[in-house]
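Structure record follows, encoded as structure tokens.
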Amino acid sequence: MATFSILFLILLEACASPENPKALKVAFFLNENAALDELAITSATNYINNYAATQYALNFVLAPRIYRIKKSEIYNVGNLACDALREGIAAIFGPENGEANEIIQSMALSLEIPQFQTFWNPNFATYAGLGTANKKEIFNFNLYPSPSVLSKAFATLVRENDWRSYTIIYENDDGLVRLQEVLKALSPNNPLVTYRKLGPEPDHRPVFKEIVASGALHIILDCEADHTIDILSQAKEVKLFEEYHTYLLTSLDAYTIDFRQLGEIKTNVSIVRMLDQKVVDTVIGNWELVDSERKLKIPNKLIKVKTAFLFDALNLFITAYSNLDQEQEMDVRPQSCDTNEISSHGYRLSAFIPLLNMTKGMLGEPISGSLNFNSLGQRVSLKLEVLELRKDEFRVTGIWDSGTPHSIYSTITSADREKELEQQLKGRTFRVVSRIYPPYLSRKPGIDSSVMSGNNAFEGYAMDLMKGICELYECNYVFELVPDNNYGKYDPKTKEWNGLIRHLLDRKADLAICDLTTTYERRKAVDFSNPFMTLGISILYTKIVKEPPDLLAFTNPLSLHVWLYMVTAYMVISMIIFLVARLNPNEWENPHPCNPNPEELENIWNIKNCFWLTLGSIMQQGCDILPKGISTRMVAGMWWFFTLIMISCYTANLAAFLTQSRMGPTIQSAEDLAAQTKIKYGCLKDGATASFFRDTNVTTYHKMWVAMETADPSVFETSNDDGVKRVISKKGKYAFLMESSSIEYEVEKHCELVQVGNRLDTKGYGIAMPTNAPYRTSINQAILKMQEMGRLQRLKEKWWKEKNKANTCKKDEDSKTDSANELSLAHVGGVFVVLVVGMSIAMVIAVCEFLWHVRKIAVTQHVALKEVFLKELRFAMDIWCRQKPANPAANLNLSRETLRQGD
Ligand code: ASP
């Protein structure tokens with residue numbers, strides 16, 4: 001190859017006789033094994049000298065001088081350059097090596113020879129634009145896009161993709177400089193950006209394992225294109241190249257990588273491409289023509305950017321040179337490194353190049369896009385295609401232009417993207433994790449509780465929901481249970497999640513469906529779909545139990561204490577009347593009013609009468625005897641006043657007490673709960689409800705959280721089921737804070753339960769999935785569709801009402817009881833009882849009085865007790881007889897004599 005090109009060049013030069021056009025010499029400093037670069041140069045030279053020369057009437061032929069620099073000869077590059085200069089060269093291309101370039105760059109600057117660089121050179125700006133002591137012109141041009149422009153493109157990509165956190169994996173420190181804009185754009189102190197440098201060792205797995213453990217999903221990989229496959233296959237081995245990962249490769253040569261070597265790829269890989277594929281295809285076709293004899297293999301018809309830059313640089317140079325030459329002949333003279341003599345053509349040429357803004361040159365369109373340079377000689381305008389890897393092929397998804405650096409023009413419509421996503425779901429089997437809690441998921445009857453997976457073992461709302469989604473996308477699913485039966489709680493000490501969230505983070509499932517609440521904390525760890533059910537925290541409590549009316553309900557208007565005080569007051573006042581009446585002379589009366597001078601005075605206020613007076617007034621009946629003295633009347637008056645107030649209060653309260661049934665302590669809202677201590681309340685231990693109370697700023701709820709935390713025994717439950725059981729068993733002494741949708745179900749199932757008060761918050765249940773899951777949009781759309789079709793509502797009806805077999809509560813049970821306020825016998829039964837008891841006691845006393853009277857007659861009249869008893873009894877029973885002899889004994893003696901005469 002090399003021999004061929006040198007022969008070709010000698011031939012060209014030989015042709016450059018005085019009559020023939022002069023030879024325009026240019027120097028190329030190439031690396032070893034740069035066969036493609038050489039081919040590019042040969043092809044361009046061939047084109048220029050054979051076609052363009054006549055077309056543009058050129059008076060020169062291009063005579064390239066190619067120098068291959070071995071690694072060991074880097075420091076000899078200066079001597080080689082001096083050799084070339086001695087021959088008289090118009091421009092220098094290369095070298096690619098940073099150290100060698102330092103030498104050539106400074107020589108070009110001091111001798112004013114235009115130099116074209118084609119690699120990423122972070123030190124370029126240090127030399128660029130320095131010029132000689134007097135003139136600040138530029139002589140170095142770098143076709144590799146300026147780092148600030150290129151990194152702007154990556155920054156926009158990261159922003160448009162909405163990456164919340166990402167990891168930068170880089171091979172060498174230049175990578176970080178290359179990505180400076182990305183880092184600047186996303187807050188330099190952003191803690192969510194992690195940097196990992198690949199060590200010099202070929203084994204990068206330890207670093208990748210650490211990245212996997214950190215849960216990173218978005219990765220910017222800055223490495224040489226040739227190393228990419230090796231790096232990614234190692235990442236794949238340690239599961240850092242999975243479905244949920246997104247990679248952005250920064251290498252401009254990434255499109256030349258054959259990703260098929262990695263096997264099946266589910267990862268989302270994005271790259272950027274500078275080269276226009278159509279132009280590349282034409283150019284490569286030309287190269288192959290030139291190379292037809294040797295059949296140089298151009299891999300996959302792809303060329304690397306450095307070769308494209310070299311070709312474009314030559315195109316730029318020759319176009320600029322011929323333009324200037326046609327205006328006024330260019331004079332390229334041999335130069336000596338020893339004298340430091342500056343070139344005669346360099347200044348003119350270098351000043352012209354930035355003005356050219358070349359979109360089409362002598363060799364056609366530049367392969368790497370239009371060539372525009374700033375005053376430092378850096379390439380500024382840039383157009384990049386954003387490509388996405390799709391089944392080991394790349395396809396263009398967007399275009400970034402340095403003219404509008406903050407946005408990416410998308411070449412794929414969202415409808416197309418949706419269709420593609422749907423296509424991807426077809427036939428896919430989702431691993432769905434859930435937990436047992438009816439009606440969301442329950443084991444089918446007869447299924448053993450040890451069964452942890454399999455669609456035939458379970459039924460419920462969650463399964464039907466998944467079935468609905470898969471009907472839309474023709475996908476499959478398999479349900480399994482989460483081993484620890486938890487929803488998902490983050491432990492700040494261990495920095496670990498448990499439950500369903502842990503399962504998703506471990507990539508053991510694709511989806512988690514159950515009554516899993518979307519919370520901010522969980523959202524940071526996993527993604528959630530749109531809510532399929534909205535709800536809020538509410539209170540589950542037992543229905544108010546109306547106690548049957550008390551037998552002694554009529555005593556309720558006054559408390560026991562008041563009753564006792566009243567009885568005491570009754571007795572004390574009666575005694576006071578007795579004493580005062582004895583002291584008061586007005587109460588001593590003449591027993592025989594016809595006798596103006598009685599020998600004795602009589603006081604009617606014996607104990608019996610006193611008690612009768614006070615009793616009569618308390619019963620609002622009055623009394624046939626009344627006090628006459630001022631003091632006794634004063635006592636009686638005060639007692640009447642007292643009884644007036646007491647009886648009024650009693651009467652007023654009695655109506656209310658008799659009509660309103662007695663209720664246990666009741667609550668209407670969370671505020672009521674917070675304000676009391678009799679009814680205990682709690683919630684699920686490790687769920688979203690507990691998190692709500694723990695993190696709330698609302699004083700009432702915070703107070704409730706403190707009360708719950710300090711309660712002994714604990715008011716927290718490990719499952720909603722346990723909470724429901726506790727509410728039922730505690731009969732009004734315990735309330736359970738639970739999510740309203742579950743409360744609805746429990747209330748349907750247990751008639752004695754009721755939801756109390758409004759919802760304390762508003763939230764939703766969503767389908768959880770690993771962050772960045774590609775099927776998230778499709779799941780969202782399926783939920784939306786099912787909602788619009790009314791399927792979600794029907795599913796709820798099915799599982800909350802129809803399938804809820806225990807639902808036997810009769811809705812109107814309560815309403816009929818409250819329909820009327822009339823008093824039943826139960827309300828006033830006690831009054832009857834008092835009446836009966838009073839009557840019974842009166843009868844007993846009457847009997848006692850009667851017997852006492854009989855005994856008295858028998859003793860005083862010396863008559864047989866039996867006889868007196870019978871006589872008195874007969875008399876008492878003779879209800880027609882209205883009169884009774886004053887002296888029963890006389891009656892008895894009479895009858896005895898009558899009996900004797902009869903004998
Ligand atoms: N659904 C809740 C959760 O996802 C459970 C609860 O706290 O009531 O954690």
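First listed ligand is number 1; within each ligand, the first listed atom is number 1.
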I'd like the contact residues of ligand 1, where contact means a heavy atom below 4.0 Å. Y487, D515, L516, T517, R522, L684, G687, A688, T689, E739, Y765
Less than 6.0 angstrom from the centroid, inside 45 degrees of the normal: does R435 satisfy that with respect to the ring of Y487? yes
With a sphere of 6.0 Å drawn around NZ of K798, does it hold more than 12 non-hydrogen atoms of other residues, nucleotides or ligands? yes
Quick one: side chain to side chain donor-acceptor pair (under 3.5 Å) partners of Q755, sequence neighbours excluded? S538
Run the side chain to side chain contact (heavy atoms under 4.5 Å, CB included) check on F532 and L465 step by step: do they pass? CA-CA 9 Å; F532 57 83; L465 178 64; 3.8 Å; yes
Find out whether the Lys NZ or Arg CZ of R522 is both under 6.0 angstrom from the six-membered ring centre of Y520 and within 45° of the ring's axis. no
Parallel, tilted or perpendicular: which fits the ring planes of W800 and Y440, with parallel below 30° and perpendicular above 60°? perpendicular
